[in-house]
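Below, chains carry the letters A, B, ... as their sequence lines are ordered, and counting in each starts from 1. The figures here come from the full heavy-atom set of this structure, side chains too, leaving out hydrogens, waters and symmetry mates.
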Protein chains: 2
Amino acid sequence: MKSSSRKPVLAVPGRATSYDVARVAKVSQSAVSRCFKPGASVSSKMRARVMKAAEELGYRPNAIARSLITRRSNMVAVVISQQTHRYFPELLDELSRGFSARGIRVLLFTLEKESDIDVVLEQILQYQVDGVVEAARLSGEQVDMLEKRGVPFVFLNRSLRDRPVNAVCCDQAEGARWLVNRLVEAGHRSFGIVSGPADSVVSAERTQGALERLGELGIRQVAVVPGNYSYESGAAGLRLLESKLGRVPEAVICANDVMALGCMDAARHDLRLGVPADLSVVGFDGVGPARWKSYDLTTVQQPVRRMAEAAVSMIVERIEDPTLPPEKRTFSGILTHGSSARLRKP
Amino acid sequence: MKSSSRKPVLAVPGRATSYDVARVAKVSQSAVSRCFKPGASVSSKMRARVMKAAEELGYRPNAIARSLITRRSNMVAVVISQQTHRYFPELLDELSRGFSARGIRVLLFTLEKESDIDVVLEQILQYQVDGVVEAARLSGEQVDMLEKRGVPFVFLNRSLRDRPVNAVCCDQAEGARWLVNRLVEAGHRSFGIVSGPADSVVSAERTQGALERLGELGIRQVAVVPGNYSYESGAAGLRLLESKLGRVPEAVICANDVMALGCMDAARHDLRLGVPADLSVVGFDGVGPARWKSYDLTTVQQPVRRMAEAAVSMIVERIEDPTLPPEKRTFSGILTHGSSARLRKP
DNA sequence: ACGTCGCTTGCATTCGAATGCAAGCGCATC
DNA sequence: GATGCGCTTGCATTCGAATGCAAGCGACGT
């Protein structure tokens, strides 16, 4: 008889604790703990015994218990709106990749509306995450809360004016100005702009940047109509522009690619116009479909991968050293020439 | 002087524990705990005092500590390959929505290759998640591990033949047979199939289903070429088919929509063929771009939302009652008529 | 005034791993 | 064989919240 009925080897089968392993290996619990801590001082004999017992029992260190004592959960929260996620799944992929390469897990929070953020923030704080990536907007008080708790966080593509916070951005206005420059330089004189949802900072920056540059260049024929980032709203946008200007503008700037594609399709299929022969269409983001042959969109691509990588390393650095000062990193977009716009050869 | 220097109110500012709150409110720690547990027996006077102190200190219950004692982390792991995620971001959205509506957080694991699953599984077990959604394949031993640990899990669109496990699927073969039926009925006699990556079960089922039905209907002119689910491989697939058959087939069945779109573009732009005039193209999935006017693809749509919801509730039920027997739920795809295929009017 | 009942509250323990400290052990040296 | 050094190991405590149990309290009836 190996063991009396006094103590079963395992209370719950398949859920061994370090004590169970210790008992089987006839060593102390601390020894077991040390065997699973890289760089700890353990003799090879001990390690072998413990590992054997652990193997037998199917022991896995309990990350929850570990987090409690080490005050490190090795989890970061990623907050992203469904909008953003739908159009940019690769953002989440890259974040996940970056964090997991550094031994950090991602606790995901998707927002149906950006205003759901307060409930979510409460959750985040309860879960003791080591850091937060915010691809959503936060109010001043919400930022206060995070700062007061000492949780490192970084904004992705939205920042807080007049406040030193960590942020990774793509310079939307700059990209917009480029696009305008190239379009005007190629002779376009009347412009339509299809903006994104009212609560999108990114859309506002793109629209603002374009308008500003158009103003500087003395272009007067400009109309702005609202969209919501969807394909349908891009198509609808073109019709709105037509009725607003009395005719189709020579160039349409859409606040994202998907709307630009909708706009192109509306022009070609509904209005029977040539793109770029009769009108030029440009967008922002550089999503996959923009490169497809039916579209070949001229756009300003966001360096998603770099941005995600930057966000990851900014967070990780600040988990290691919370005293690092806030930092803003701004990337330029990448002007991608397609055939959806009539431009001078680059 | 409110308090002597002996004990500061908070060790780490902004990270109050239930003990801190208890001290400030001059009650016991258990009282604080009870105030944050819905349905506990607490007098309103007590609750008011505790809440006031908690407010002052910015107290949030520590979910990690709670999980340790309750043996419930209120987290589920979602495992998804980057492939799947890129083409189906809405799947993750819906899962996240469903779980968070039930007070459960999602711990995300994305796989670059499905073979990375073993490392990830190890992580999952350490994190004491209450359940797992697997949109990835698992080996028999891996399933054993999960079962031995008593962690409820459900497969999404991949199952284990000959084994009672929880799974939510879309009947791929059925959809494939439908497509073939409609195409043959409309007079198509030569077929090309662009399959997905070799390790994709879904692709195999679609391809197999189509081949089987074609065989039953006595269609002999059939070629299968490999793809990898990407737009480019859809376009390349058409060229492969052409060289394999000596000419372009009358109908091309692609193992997913994105390849179908690539195939359509290759036909129209490279080969200057009319779709559906010169060839019919169909796909699977029902992704957004398939509905765009430039494509208007005929496809078999997966009821992603229903499937995600089913997966969520299957997991949640089994967290509540682990004795529930395994269950497989299979949804039919939704045949969506577009104009990319020449079919008889429905 | 005393007993009873029911609701509140606090005490003490628990969950599982990490870690500072001190004891233990082996080995080499003189 | 005694001494000393350094590596291993175990002991005891800690992290923060939940909870069974028993004591406390108040109200009410007799």
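You'll find the side chain of Lys26(A) reaches within 4.5 Å of the side chain of Arg49(A), heavy atoms only. Looking at Leu92(A) and Leu108(B), their side chains come closer than 4.5 Å, going by heavy atoms from C-beta outward. No side-chain heavy atom of Val106(B) sits less than 4.5 Å from a side-chain heavy atom of Leu95(B).
Taken to the nearest 0.5 Å, the CD1 atom of Ile64(B) stands 7.5 Å off from the CG atom of Leu68(A).
In the model, Thr110(B) has a side-chain atom that pairs as donor or acceptor with a side-chain atom of Ser96(A) under 3.5 Å.
Put simply, CZ on Arg47(B) is 10 Å from P on dT8(C), counting in whole angstrom units. Rounded to an integer number of Å, the gap from Lys26(A) NZ to dG10(D) C1' is 16 Å. For the pair Tyr127(B) OH and dG16(C) C1', the computed distance is 15 Å after rounding to whole Å. Rounded to whole angstrom, the span from the CZ atom of Arg15(A) across to the P atom of dG16(C) amounts to 10 Å. If you measure from atom CG of Leu68(A) to atom P of dG16(C), you get 12 Å, rounded to the nearest angstrom. Here the C1' atom of nucleotide dG16(C) and the CZ atom of Arg71(B) are 9 Å apart, to the nearest Å. Following rounding to the nearest Å, Gln128(A) (CD) and dC15(D) (P) show an atom-to-atom distance of 14 Å.
Evaluation of the side chain to side chain contact (heavy atoms under 4.5 Å, CB included) rule for Glu112(A) yields Gln82(A), Asp116(A), Arg97(B) as partners, not counting sequence neighbours.
Note that the two end axes of the helix from dA1(C)-dT30(D) to dC30(C)-dG1(D) enclose an angle of 50°, each drawn from 5 base pairs, rounded to 10 degrees.
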Ser81(B) and Thr84(B): side-chain hydrogen bond (donor to acceptor under 3.5 Å, both in side chains), yes or no, with the steps? CA-CA 5 Å; Ser81(B) 73; Thr84(B) 307; 2.9 Å; yes
Apply side-chain hydrogen bond (donor to acceptor under 3.5 Å, both in side chains) to residues Asn74(A) and Arg105(A) and explain how you reach the verdict. CA-CA 6 Å; Asn74(A) 287 312; Arg105(A) 256 64 51 195; 5.3 Å; no
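Distances from the side chain of Met46(A) to the nucleotides dC7(C), dT9(D), dG16(D) place dT9(D) closest.
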Once each nucleotide of nucleotides 17-24 of chain D is scored for protein heavy atoms under 4.0 Å, what B/S/- sequence comes out, 5' to 3'? BBBB----
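Using a 30° and 60° split on the angle between ring planes, Phe36(B) and Tyr59(B) fall in the perpendicular class, above 60°.
Under 4.0 angstrom from either OP1 or OP2 of dT9(D) there lies no side-chain N or O belonging to Ser28(A).
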